Enquirer: 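Following this message is one structure expressed as structure tokens.
So that the names make sense, note that chain A is the first sequence line, chain B the second, and so on, each numbered from 1. Here the structure is a predicted model, which means the values were calculated and not measured.
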2 protein chains.
Amino acid sequence: MNISQAAQRAGLSSKALRYYETINLLQPARGPNGYREYSRDDVETLQFIQRARACGFAVEEVRQLLALHRDPARQSHDAKQLVEEKLQQIEQQLQTLKIMKKTLRGLADSCAGDDSPECAILSQLANRV
Amino acid sequence: MNISQAAQRAGLSSKALRYYETINLLQPARGPNGYREYSRDDVETLQFIQRARACGFAVEEVRQLLALHRDPARQSHDAKQLVEEKLQQIEQQLQTLKIMKKTLRGLADSCAGDDSPECAILSQLANRV
DNA sequence: CTTGACCTTCCCCTTGCAGTAACCTTGAGG
DNA sequence: CCTCAAGGTTACTGCAAGGGGAAGGTCAAG
């Protein structure tokens with residue numbers, strides 16, 4: 001099948017599929033007209049990629065996951081470790097965002113938000129928050 | 001004062017300060033030797049920038065905040081709106097991360113993590129999660 | 001035959017700097 | 001006076017993960 005259909009089935013963009021090809025993540029076959037031809041297997045791989053990306057894995061990490069997926073001698077320990085590491089990163093980002101949110105909430109609540117130039121947000125940013 | 005001292009006082013890198021200059025966010029004076037000379041006012045501005053960045057504002061948004069900060073005819077309403085919008089973005093990111101976390105937690109918990117090739121993580125990524 | 005919807009490659013743009021190279025300046029010490 | 005390390009300067013490249021758009025080939029339908 002052609003690129004846009006494959007992209008749609010995998011929940012990705014055509015641009016992304018072309019990109020994955022340039023970085024050697026997935027090489028579809030080519031028809032006589034030069035068009036990319038994605039097999040059903042390719043689409044499954046693309047779905048794998050899409051799901052892993054949606055879980056927060058970077059493309060290079062997806063490459064590792066795919067390698068494990070294809071390796072019959074893999075150890076589930078390895079995949080689990082990747083997931084646990086990603087979990088820690090996500091947790092870290094959550095903490096950062098929560099602090100930002102708290103700070104922003106405090107700023108917003110301290111500001112009248114009227115037409116006066118007096119603004120607690122700007123003065124707190126100008127001094128210590 | 002020279003760039004690295006200014007950077008240190010603001011909690012930023014020298015590279016960042018040079019970058020802010022190239023994008024016309026903050027133009028320090030220059031000494032006869034060509035060195036950048038940061039005034040105390042400059043450092044305060046840099047601290048403003050650093051705090052706003054730490055709250056999640058993009059550099060272009062910081063530029064707007066700075067413009068408001070310098071505008072005596074500003075309305076606190078405008079600053080508050082920027083903060084509220086940022087809050088919504090942060091909230092959105094938090095939701096996304098929370099879903100990722102849940103999904104990853106589920107994947108990790110379903111996997112034995114031993115030396116067997118049987119791996120629930122990989123099979124769930126390969127089929128629907 | 002033509003039209004419009006696909007497809008192709010190629011190149012620039014994004015964010016916020018970090019890294020590196022090649023080259024000045026400055027202050028301290030022998 | 002000379003040197004050397006620790007600063008400073010510009011300029012260029014690179015990162016992640018594609019998006020946008022140009023210029024041109026292909027395909028199916030009317």
Enquirer: Do you know the tightest heavy-atom contact between B:Ala10 and B:Gln50?
Expert: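 Shortest heavy-atom contact: O-CG, 3.1 Å.
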Enquirer: Starting from C1' on C:dC17, measure out to CD on B:Gln50 and report it in whole angstrom.
Expert: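 Computing the B:Gln50:CD to C:dC17:C1' distance gives 15 Å.
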Enquirer: Name the nucleic acid region contacted by B:Ile3, choosing base, sugar-phosphate or nothing; use a 4.0 angstrom heavy-atom cut-off, strictly under.
Expert: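 Answer is sugar-phosphate: B:Ile3 comes under 4.0 Å of backbone atoms only.
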Enquirer: Is there any salt bridge (Lys or Arg N to Asp or Glu O under 4.0 Å) pair reaching into residues 38-48 of chain A, and which pairs are they, with sequence neighbours excluded?
Expert: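 Sorted pair list comes back empty.
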Enquirer: In whole Å, I'd like the distance from the CE atom of A:Met1 to the C1' atom of C:dC7.
Expert: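 Distance, rounded to whole Å: 16 Å.
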Enquirer: If the condition is side chain to side chain donor-acceptor pair (under 3.5 Å), which residues does B:Arg18 pass it with, not counting sequence neighbours?
Expert: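 B:Arg18 satisfies side chain to side chain donor-acceptor pair (under 3.5 Å) with no residue once adjacent residues are dropped.
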Enquirer: For DNA chain D, which nucleotides open and close the run of contacts to chain B, 5' to 3', at under 4.0 angstrom from a non-hydrogen atom?
Expert: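 Under 4.0 Å from chain B, the extent on DNA chain D is D:dG7 to D:dA11.
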Enquirer: Determine the contact category for B:Ser13: base if any of its heavy atoms lies under 4.0 Å from a base atom, sugar-phosphate if only primed atoms, P, OP1 or OP2 are that close, otherwise nothing.
Expert: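 It contacts sugar-phosphate atoms only.
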Enquirer: Using only atom types and a distance under 3.5 Å, with no angle test, would you say the side chain of B:Asn127 pairs donor to acceptor with the backbone of B:Ser123?
Expert: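 Yes: the side chain of B:Asn127 pairs with the backbone of B:Ser123.
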Enquirer: What are the two closest heavy atoms between B:Leu104 and A:Cys55, and how far apart are they?
Expert: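 Minimum heavy-atom separation between B:Leu104 and A:Cys55: CD1-O, 3.5 Å.
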Enquirer: Please give, in whole Å, the distance from C:dT15 P to B:Phe57 CZ?
Expert: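 Rounded to the whole Å, the gap is 17 Å.
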Enquirer: Contact class for B:Ser4 (heavy atom, under 4.0 Å): base, sugar-phosphate, or nothing?
Expert: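 Touches sugar-phosphate only.
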Enquirer: Let me know the distance between OH of B:Tyr19 and P of C:dT15, rounded to the nearest Å.
Expert: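 Computing the B:Tyr19:OH to C:dT15:P distance gives 7 Å.
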Enquirer: Separation of B:Tyr35 atom OH from C:dC24 atom P, in whole Å?
Expert: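 Going from OH in B:Tyr35 over to P in C:dC24 covers 12 Å.
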Enquirer: Pairs in or reaching into residues 42-87 of chain A: which pass ring-ring contact (aromatic ring centres under 6.0 Å, His included), with residues at least two apart or in two chains?
Expert: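 For residues 42-87 of chain A, and leaving out neighbouring residues, the ring-ring contact (aromatic ring centres under 6.0 Å, His included) pairs sorted by first residue read A:Phe48-A:His69.
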Enquirer: Which protein N or O atoms sit under 3.5 Å from an N or O of nucleotides 9-12 of chain C?
Expert:
{"from": "C:dT9", "atom 1": "OP1", "to": "A:Arg30", "atom 2": "NH1", "distance (Å)": "3.2"}
{"from": "C:dT9", "atom 1": "OP1", "to": "A:Arg30", "atom 2": "NH2", "distance (Å)": "3.1"}
{"from": "C:dT9", "atom 1": "OP2", "to": "A:Arg36", "atom 2": "NH1", "distance (Å)": "3.1"}
{"from": "C:dT9", "atom 1": "OP2", "to": "A:Arg36", "atom 2": "NH2", "distance (Å)": "2.7"}

Enquirer: Could you check which of C:dT26, C:dC7, C:dC17 has an atom nearest any side-chain atom of A:Asn2?
Expert: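 Shortest atom-to-atom distance from the side chain points to C:dC7.
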Enquirer: Measure CZ/B:Arg63 against P/C:dG16 and give the value in whole Å, please.
Expert: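 Interatomic distance, CZ of B:Arg63 to P of C:dG16: 11 Å.
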Enquirer: Taking the nucleotide of DNA chain C with the nearest heavy atom to each, does B:Pro32 or B:Glu60 sit closer to the 5' end?
Expert: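 Nearest-nucleotide comparison on DNA chain C picks B:Glu60.
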Enquirer: Residues two or more places apart in sequence or in another chain: which of them pass side-chain contact (heavy atoms from CB on, under 4.5 Å) with B:Glu21?
Expert: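 For B:Glu21 the side-chain contact (heavy atoms from CB on, under 4.5 Å) partners, ignoring immediate neighbours, are B:Gln27, B:Pro28, B:Arg30, B:Arg36.
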Enquirer: Distance check needed: C:dC6 P versus A:Leu17 CG, whole Å only.
Expert: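 For the pair A:Leu17 CG and C:dC6 P, the rounded distance is 16 Å.
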Enquirer: Taking the nucleotide of DNA chain D with the nearest heavy atom to each, does A:Asn33 or A:Leu12 sit closer to the 5' end?
Expert: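 Result: A:Leu12.
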Enquirer: Might you point out which heavy atoms bring A:Arg51 and B:Leu125 nearest each other, and give the distance in Å?
Expert: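 Minimum heavy-atom separation between A:Arg51 and B:Leu125: NH1-O, 2.7 Å.
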Enquirer: Kindly give the heavy-atom pair with the smallest separation between A:Ser76 and B:Ala112, and that separation in Å.
Expert: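 So the two residues come closest at OG-C, 4.2 Å.
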